[in-house]
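Here is the naming used below: chain letters follow the sequence lines, and residue numbers restart at 1 for every chain.
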2 protein chains.
Amino acid sequence: MPRNELPIVTRLSPEGRARFDRAAKAHCFPAGQVAIVKGEAITGAYIVETGRLRVFSLSKEGCEATLYTIAPGETCVLAINSLFSAVPYPGHVVAEETTRILYVPGETWRALFRTESEIQNLTLKALSVAVMRLMHELESLHGRSVRNRLADLLIARRAADGSVRMTQAKIAAELGTAREVVARCLVDWSQRGIVECHRGLIRIIDPAYFSSNASLCEPTAMMPALD
Amino acid sequence: MPRNELPIVTRLSPEGRARFDRAAKAHCFPAGQVAIVKGEAITGAYIVETGRLRVFSLSKEGCEATLYTIAPGETCVLAINSLFSAVPYPGHVVAEETTRILYVPGETWRALFRTESEIQNLTLKALSVAVMRLMHELESLHGRSVRNRLADLLIARRAADGSVRMTQAKIAAELGTAREVVARCLVDWSQRGIVECHRGLIRIIDPAYFSSNASLCEPTAMMPALD
DNA sequence: CGCGCACTGTAACTTTGGTTACAGAACTTC
DNA sequence: GAAGTTCTGTAACCAAAGTTACAGTGCGCG
């Protein structure tokens with residue numbers, strides 16, 4: 001999603017847009033790079049143009065837990081959060097792929113928030129979506145087995161051809177479980193012809209099998225436009 | 001917190017306040033009453049004056065999971081969420097104690113949001129606090145044992161004298177676990193002189209024992225004033 | 001082409017926590 | 001104060017998933 005197509009840019013008032021353009025800076029994170037470390041002070045908001053950022057928490061024991069990911073066109077709520085409240089950033093952020101972002105200094109964002117309804121909307125929407133996703137995640141985390149959550153992840157991350165390019169280790173880290181547990185499920189499913197496993201690649205053969213657990217596949221779908 | 005002391009009321013502009021007063025309605029839920037059922041459409045925001053509302057999700061299997069509680073002076077984010085986005089309310093709400101609320105129609109809230117910075121702040125703050133709490137909850141849910149989460153709950157809910165007036169069944173429901181598991185922990189702790197158990201009452205004898213896990217005791221503490 | 005590395009497959013074991021089942025204690029109400 | 005209800009205490013059992021340990025396999029690179 002190139003800069004000039006971002007709704008946030010196109011829907012601003014002319015003055016707002018000028019101000020936005022003056023202040024916003026593009027930045028690019030290579031795949032795998034750590035963007036923010038937990039506790040870091042945040043000085044601005046950022047909007048993902050291309051790629052994907054992953055936000056996760058890391059307990060002392062090194063156990064990772066993905067909170068959610070930020071797709072193109074979305075902003076990081078936590079940053080917005082920190083922006084309006086001076087709380088340090090409560091999670092780690094890493095670029096999952098090569099990711100281009102647009103950085104907007106906090107000062108600019110806050111100023112635009114007071115007058116630009118598009119910025120108000122985007123801010124509210126980002127927070128609302130985050131609340132929804134976190135609730136969903138929370139709900140799934142104690143009501144559902146690792147199996148179910150793995151199924152969700154595969155469905156949510158599959159490409160058009162039904163393939164998911166992730167190693168089992170990465171998947172396990174995202175789900176906050178052990179690689180062996182992921183392997184157990186995948187072996188079981190592949191024996192039953194539901195998926196095919198290759199090195200760094202899982203292909204979903206029978207998506208219908210997972211359909212009962214379908215959820216969060218289209219995160220934006222549960223969040224109609226504001227206003 | 002009586003109506004005239006609510007910051008949201010006192011800090012409005014005179015016109016805003018007049019509008020607010022015209023539209024806001026007081027309502028009272030007796031203890032245990034269901035306030036909102038999941039999926040219900042929301043027509044307004046509400047602010048808790050006294051008492052406490054509990055928001056939880058309920059899976060098909062009847063497994064309950066407390067998402068968070070709303071204390072006096074706070075508003076329900078989910079309602080605000082629904083208010084600005086027309087998503088149905090994603091959880092159940094029940095009054096834990098007799099709870100007085102102030103109901104503000106969505107129309108009024110949205111109108112005030114455009115002009116009253118206090119309403120903007122309250123809205124943002126409510127959403128931000130919710131995001132923080134949910135993240136915290138999420139983090140604790142997979143990184144930590146039931147023991148730890150129970151310790152957190154006891155610390156967070158204790159009265160000034162260290163007593164917690166809840167039945168084990170209620171605690172278990174909040175933690176999304178079984179009563180027996182709660183009993184196991186409590187028996188263990190009471191044998192070691194850390195707590196005392198009575199019917200409907202747990203007294204914390206040695207709070208220092210829990211101090212290492214202290215967290216979320218003062219949820220508002222992590223959310224400094226906006227602006 | 002073969003060496004090493006990163007990833008996957010597999011098994012046995014342990015821990016945690018949910019389930020079932022019931023006994024007894026405390027409060028409530030008639 | 002007897003009966004019923006609600007809450008707590010306890011034990012045995014079971015399932016899910018985390019842990020440990022290692023064997024096999026595809027892949028890249030020299």
What's the [atom1]-[atom2] distance between [X] and [N], to the nearest Å?
{"X": "A/Lys170", "N": "C/dA6", "atom1": "NZ", "atom2": "P", "result": "14 Å"}
{"X": "B/Arg165", "N": "D/dT8", "atom1": "CZ", "atom2": "P", "result": "13 Å"}
{"X": "A/Glu196", "N": "C/dT8", "atom1": "CD", "atom2": "C1'", "result": "15 Å"}
{"X": "A/Ile171", "N": "C/dC7", "atom1": "CD1", "atom2": "P", "result": "12 Å"}
{"X": "A/Arg179", "N": "D/dC22", "atom1": "CZ", "atom2": "C1'", "result": "11 Å"}
{"X": "A/His198", "N": "D/dG26", "atom1": "NE2", "atom2": "P", "result": "11 Å"}
{"X": "B/Ile202", "N": "D/dT8", "atom1": "CD1", "atom2": "P", "result": "7 Å"}
{"X": "A/Leu201", "N": "D/dC27", "atom1": "CG", "atom2": "C1'", "result": "14 Å"}

Say whether B/Thr69 and B/Arg52, considering side chains only, have a donor N or O and an acceptor N or O under 3.5 Å apart. yes

Nucleotide nearest [X] (side chain, heavy atoms from C-beta), chosen from [options]:
{"X": "A/Arg199", "options": "C/dT10, D/dC7, D/dT25", "value": "D/dT25"}
{"X": "B/Thr167", "options": "C/dG17, D/dT8, C/dC7", "value": "D/dT8"}
{"X": "A/Glu180", "options": "C/dT10, D/dG18, C/dG17", "value": "C/dT10"}
{"X": "A/Val187", "options": "C/dT10, D/dT10, D/dA17", "value": "C/dT10"}
{"X": "A/Ala178", "options": "D/dG18, C/dT19, D/dT10", "value": "D/dG18"}
{"X": "A/Val181", "options": "C/dG17, D/dG9, D/dG18", "value": "D/dG18"}

Picking from B/Gln33, B/Glu49, B/Arg100, what satisfies side-chain contact (heavy atoms from CB on, under 4.5 Å) with B/Cys28? B/Arg100

Closest approach of A/Ile70 and A/Val55, non-hydrogen atoms and distance? CD1-CG2, 3.9 Å

Kindly say whether, by distance alone, the side chain of B/Arg147 makes a donor-acceptor pair under 3.5 Å with the base of C/dG17? no

Quick check: any donor-acceptor pair below 3.5 Å linking the side-chain of A/Arg184 to the base of D/dG18? yes

Any A/Gln168 side-chain N or O less than 4.0 Å from OP1/OP2 of C/dG9: yes

Would the number of heavy atoms belonging to other residues, nucleotides or ligands and lying under 6.0 Å from CZ of A/Arg165 be above 12? no

Decide salt bridge (Lys or Arg N to Asp or Glu O under 4.0 Å) for A/Asp188 and A/Arg184; before the verdict, give the C-alpha distance in whole Å, the side-chain angles of both, and the deciding distance to 0.1 Å. CA-CA 6 Å; A/Asp188 178 26; A/Arg184 270 205 287 258; over 6 Å; no

